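Computed from heavy atoms alone, side chains included, the values below leave out hydrogens, waters and symmetry copies. Keep in mind the model is a prediction, meaning the values are calculated, not measured. A, B, ... follow the sequence lines: proteins, then strands. Residue 1 opens every chain.
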Amino acid sequence: MAELTYRDAVARGIAQEMRRDERVVMIGEDVAGAGGVFKTTVGLLDEFGPKRVIDTPISEQAILGAAMGAAMTGLRPVAEIMFSDFFAVCWDIVVNEIAKTRYMTNGQITIPLVIKTGNGGGLRFGAQHSQAIENWAMAVPGLKVVTPSTPRDVVGLMAAAVRSDDPVLFFEHKGLYSMKGEVPDGEIIDELGTAVVRRAGTDATILSLGLTVGRALDAAGQLAERGIQAEVIDVRSLVPLDTRTILGSLAKTGRLFTVEENPRLLGWGAEIASIAAEECFWDLDGPIQRITTPHIPLPSADSLEDLVLPSADVVATAVEKALQS
Amino acid sequence: MRLPLSEHGYGTHQVVLPPSDQTRHDNDEIPLQKRLDLYRSLQEMRQFEKRAYDLFMRQLVKGTSHLSLGMEAISAGFGAAMRADDLTFATYRGHAHTLARGVPMTPVLAELLGRSNGLMAGKGGSMHLTSVEHGVLGSYAIIGAHLTIANGAAWSAQYRGSGQVTVCFFGDGTTNIGAFHEALNYAAVYKLPVVFVCENNLYMEYTSIADITAVAHPAADRAAAYGLQSQIIDGNDADEVYGTATAAIERARRGEGPSLVEALTYRHGGHSRADPGKYRPSAEVEAWKQYDPIPVYRGRLLRLGVDEADLDVIDKEVAAAVDLATQEAIAGDLPDPASAFTDLWADGGSSWRN
């Protein structure tokens, strides 16, 4: 068991899979010589050499096109899009090509591809480097969508993503890169589409993802002091979605809260709230509540960014108020 | 030839015609059987697409379709020059490129008709023809995207040491989108075994490419800036295309990197099913019909001593094959409704939750 940072866990997860399978290759801007702008690919070039770890031009369409073409023809690439905001630059390749090709070709072409990216806010980068866009990806048929919240999960879910025969968008949270956590020795392999109960409780279910997992846990700690036992679920994977764990928890607690970084309109919490309302309405003891950022781009100043990202205090207050009403 | 403004819908522009000497490849060292195969290939593409057009008119082909009548020599020439395991990336105007790799007519026609015996069992349609078995890794309907994907297939071949070459077809309009430029630089940087083939038919959809492009040769004039070897050829002469394709593919196979071919050609019809192509001056259309690849090639074969009757036999055999493919395609069942929900994911299904 070793303590690793979240960013080191990314490199460890990729290296684990590159050792196992020489079809796994890594490409992206600054991923080789520099070890990644977020230092998430440190050591890969040294261990696997320039044939397998490749620095690219700043050409997001070319990067993802190359990754797709290689994945169609026998490789299992891991491609990096530095900041998830930049997906907008290459969204055609992601949505029209990578996501649709298997279906359009009636299963003739399979695309075992991982696109990793730094997602989310909290680092004062401003509106074009801070967005949480996992909900964009979730809306597209053909993309799997994963967001780990701990170093251990980074390794296990990265391994699952690389071994998946489907394209996976792997959203690393920029705000978690320096977070440390215990990671067991040896090979770790997780399963996509599995949510994890991070804290058990009986009074309310709080769904969280990436950065908001820690905030939901802090909120649950505050709530416990006030006599409310909240169950905190780390959703981990939006597609496939572990509705069994989520709705099972709701059946137990009767109250559902989602905590997400997405702007208010059409975040992932909206979809889960809709599923819960359709399928578990009679389990609900009160309205479902979504805790989100407001419907704005993220501001840069620390005082403003902190104001709009869901904090533990905001979550605790919202849950307490709802349960008392 | 230069047309005055009054004869052209969008202003004057240089109409690029191939050199008028249609005999210059008569003495190329190409085996006669290869030439007869090329002729058959041209006939297959021509007669297949004419049939596809007829089926549109009968409302049997739905949606849209983009024909390459008049442009067949490019597909035929490259198809003849490619190794069986080489890879093709085509555009939405991809019927001929697909047939050029040996994909049978029946599943292609059935796909246009939306039948279960179609190449993709009705999930792709005219614009997305794919046959992995024949190295046809798809036809792509978003301008420019597939150049970057072709790079990836070439990278994979290079990594695996398979010796495969990727041939990527695209139109002149593609050269004004960013992905074209990203893809060319990327291919050159990594010396990928890819041949980019611009089918310059002079019109970007409904607009003359010359009217909206700053350089005369939209692909070739820019390729050099990215370090690619490029050449401009008569895309209506199957022998010229075949010779050029052979050299470019062998160059890529030797590890000497990507190259670009700008093949000048002309579509006889409009951009797509809905377009009669009336924005083109009639003098221009007539001038280019002098360079219709089929009479050009037939003339060469006759000069080389082939019996006209032997060519007529090929024409009739192709016609019979198109008739048979039409019957088989129309006889195909409609797709099983359940198939709409299969093959999103590699497990064969489309489930997004447990």
Side-chain angles (χ1 to χ4, degrees), chain A residues 22-23 25 27 51-52 54 56-75 77 89-90 92-93 95-113 138 141-142 144 164-166 193-194 238-246 275, chain B residues 87 89 118-125 127-133 137-138 140-142 144-160 162 164 166 177-179 181-187 189-190 192 194 335 339 342-348 350-354:
Chain A
E22 67 174 22
R23 296 171 299 172
V25 290
I27 65 168
K51 191 182 172 195
R52 295 182 68 190
I54 298 166
T56 65
I58 300 178
S59 302
E60 277 83 7
Q61 298 181 67
I63 293 167
L64 292 192
M68 172 180 168
M72 288 162 65
T73 52
L75 303 189
V89 175
C90 48
D92 169 51
I93 306 282
V95 174
N96 285 313
E97 315 300 344
I98 291 169
K100 293 177 183 171
T101 292
R102 183 167 220 291
Y103 184 82
M104 285 197 307
T105 64
N106 198 34
Q108 286 186 60
I109 287 175
T110 297
I111 303 174
L113 168 64
M138 187 189 189
K144 292 187 169 172
S164 168
D165 286 331
D166 295 308
T194 51
L238 293 172
V239 182
L241 183 66
D242 182 359
T243 46
R244 193 175 295 135
T245 298
I246 293 166
I275 293 168
Chain B
L87 305 169
F89 284 77
L119 205 49
M120 288 85 68
K123 282 184 179 165
M127 294 199 283
H128 300 294
L129 300 176
T130 302
S131 177
V132 172
E133 182 191 346
L137 292 193
Y140 297 79
I142 309 284
H146 71 301
L147 279 72
T148 70
I149 304 166
N151 276 344
W155 168 35
S156 166
Q158 185 187 59
Y159 184 92
R160 292 180 288 110
S162 69
Q164 292 163 290
T166 297
I177 203 164
H181 300 270
E182 290 195 18
L184 261 56
N185 178 61
Y186 198 96
V189 165
Y190 303 110
L192 298 176
V194 57
S339 72
T342 62
D343 278 315
L344 179 67
W345 306 119
D347 67 7
S350 61
S351 173
W352 51 272
R353 55 176 284 189
N354 61 22

Quiz item: If you count heavy-atom pairs under 4.5 Å between each of B:Ala157, B:Gly118, B:Ser131, B:Ser350 and chain A, which one has the most?
Solution: B:Ser131
Quiz item: Quick one: OG1 on A:Thr194 to CG on A:Leu241, what's the gap to the nearest 0.5 Å?
Solution: 11.0 Å
Quiz item: What part of B:Ala179 lies closer than 4.5 angstrom to a heavy atom of chain A: side chain, backbone, both or neither?
Solution: both
Practice problem: Taking the six-membered ring of B:Trp352 (Phe, Tyr or Trp), confirm whether the NZ or CZ of A:Lys144 is under 6.0 Å from its centre and within 45° of its axis. | Solution: no
Practice problem: Tell me, for A:Asp92 versus chain B, whether the close heavy atoms (under 4.5 Å) come from the side chain, the backbone, both or neither. | Solution: side chain
Quiz item: In Å, rounded to the nearest 0.5 Å, how long is the span from SG of A:Cys90 to CD1 of A:Ile98?
Solution: 8.0 Å
Quiz item: Which region of A:Thr56, side chain (C-beta onward) or backbone (N, CA, C, O), has a non-hydrogen atom less than 4.5 Å from a non-hydrogen atom of chain B, or is it both or neither?
Solution: both
Quiz prompt | Heavy-atom contact with chain B under 4.5 Å, split by part of A:Glu97 | solution = side chain
Quiz prompt | chain A contacts, top residue of B:Asn185, B:Val132, B:Thr342, B:Asn151 (heavy-atom pairs, under 4.5 Å) | solution = B:Val132
Quiz item: Is it the backbone or the side chain of B:Leu129 that comes under 4.5 Å from a heavy atom of chain A, or both, or neither?
Solution: neither
Quiz item: Take atom CZ in B:Arg160; do more than 12 heavy atoms of anything else shown fall under 6.0 Å from it?
Solution: yes
Quiz item: What distance do B:Lys123 atom NZ and B:Leu344 atom CG have between them, rounded to the nearest 0.5 Å?
Solution: 8.5 Å
